[in-house]
Amino acid sequence: MLFNGGPMIFTGRAHSQLAEDICEYLECDLGNAEFSKFNNDNTFVRIMDNVRHRDVFIIQPTSYPVNDNIMEMLIFIDAARRASAGRITAVMPYFSYARTDKKDQPRVPITGRLIADLVATAGADRVILMDLHAAQVQGFFSTVVDELTALPMLADYFLNKDIPEEDLVVVAPDIGSSRRSRVFASRLEAPLAIIEKRRLGNNDRVETLNVIGNVENKYALLFDDEINTGSTMIAAANILADHGSKGVYACATHAVLPGDAAQKLTAVSNLNELVITDTMPLEERKKHPKVKVVSIAPLVGEAIKRIHEGRSVGALFR
Ligand code: R5P
């Protein structure tokens, strides 16, 4: 594919810090755009650079305020399409609504699919996502999808901590995350344990029932795609203490942590560290000495470079 010049990086207002960090990796300037809201609450986006025949990447995780950020992303894509961009890639390192992915009760929506359709309808040619709750959500998109994973960089973080192998066990906080945790455990050459968890109703309450595997006298490394309220990790840390684990590291790609969730989670006495990435903004409420952040900017930047140059993205994870 021939484009005029190198990739052009733009950002909505969801997470401009991430876009700046990606540009730093790519050694390029962030594209210019203006945003406003009319007094009737309508969002307006104007792209200030010429994007005709350019390879355009729009960075916008669908983090809080989720619906505003989704709408801004759709409007940005529409503006780029109408300005004759050569190709438009929507970069959504956090894809909200991914958990609303099936009709598992009568009369409920599949909102993940709805948003995917809207992104394609707006005019995106490709999408970059990261550590989806369920990989099959990729199939909701009629566009090309590159799903990146923070798993190798998070595993490297722990490898660099030099926790003796015999002291470590990777723990899947629920059965749904056991496959992902298996891959994580292999990278760390550590055994795997699994917690049996039950979610109570449609809200955020969870109940842990059992630990499958040996965690006694070991540091438990809990690995999940997302921490939202922290209920899953708190319940897991508690049951791991009951089973004789000597400490817990909680680790996830996406950290939503609304309200006082980070405070509650970091207050858990046997939690040594909470390791997250910057797929969404790191607001003050998420900051705490126990919270460590691994940036995804170099990974997303490298993926953008490879997509632009027509090189393998999968090779990044081998
Ligand atoms: C869903 O099952 C995900 O993998 C996470 O376990 C979930 O998002 C965590 O939510 P919370 O922190 O509210 O328990």
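Computed over heavy atoms, backbone and side chain alike; hydrogens, waters and symmetry mates excluded. Read the numbers this way: they start at 1 and go in the same order the structure lists the ligands and their atoms. All values derive from a computational prediction rather than experimental measurement.
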Is R87 salt-bridged to D55, cutoff N-O under 4.0 Å? yes
Could you list which atoms of ligand 1 come closer than 4.0 Å to a heavy atom of D174? 2 (O), 6 (O)
D117 atom CG, neighbour heavy-atom count above 12 within 6.0 Å: yes
Checking heavy atoms under 4.0 Å, the part of D224 that sits near ligand 1 is side chain
Nearest heavy atom to atom 11 (P) of ligand 1, choosing from V256, T229, I227, belongs to T229
Contact check, K197 vs ligand 1, heavy-atom distance below 4.0 Å: yes
Is there a ring pair (Phe, Tyr, Trp, His ring centres under 6.0 Å) between F57 and F10? Walk through the geometry before answering. CA-CA 6 Å; F57 293 80; F10 290 92; over 10 Å; no
Any idea which part of N228 is under 4.0 Å from ligand 1, heavy-atom wise: side chain, backbone, both or neither? both
Under a 4.0 Å N-O cut-off, is there an ion pair linking R126 with D146? yes
Does a salt bridge link K37 with D68, judged by any charged N lying under 4.0 Å from a carboxylate O? yes
Report the C-alpha distance between E226 and Y94 in whole Å, list the side-chain angles of each, state the deciding distance to 0.1 Å, and finish with yes or no for side chain to side chain donor-acceptor pair (under 3.5 Å). CA-CA 10 Å; E226 167 179 324; Y94 178 63; 3.3 Å; yes
Take every heavy atom of G230, measure it against each atom of ligand 1, and state whether any distance is under 4.0 Å. yes
Subset of ligand 1 atoms that lie under 4.0 Å from at least one heavy atom of H133: 1 (C), 2 (O), 3 (C), 4 (O)
If you measure from each non-hydrogen atom of M233 to ligand 1, which part falls under 4.0 Å: side chain, backbone, both or neither? neither
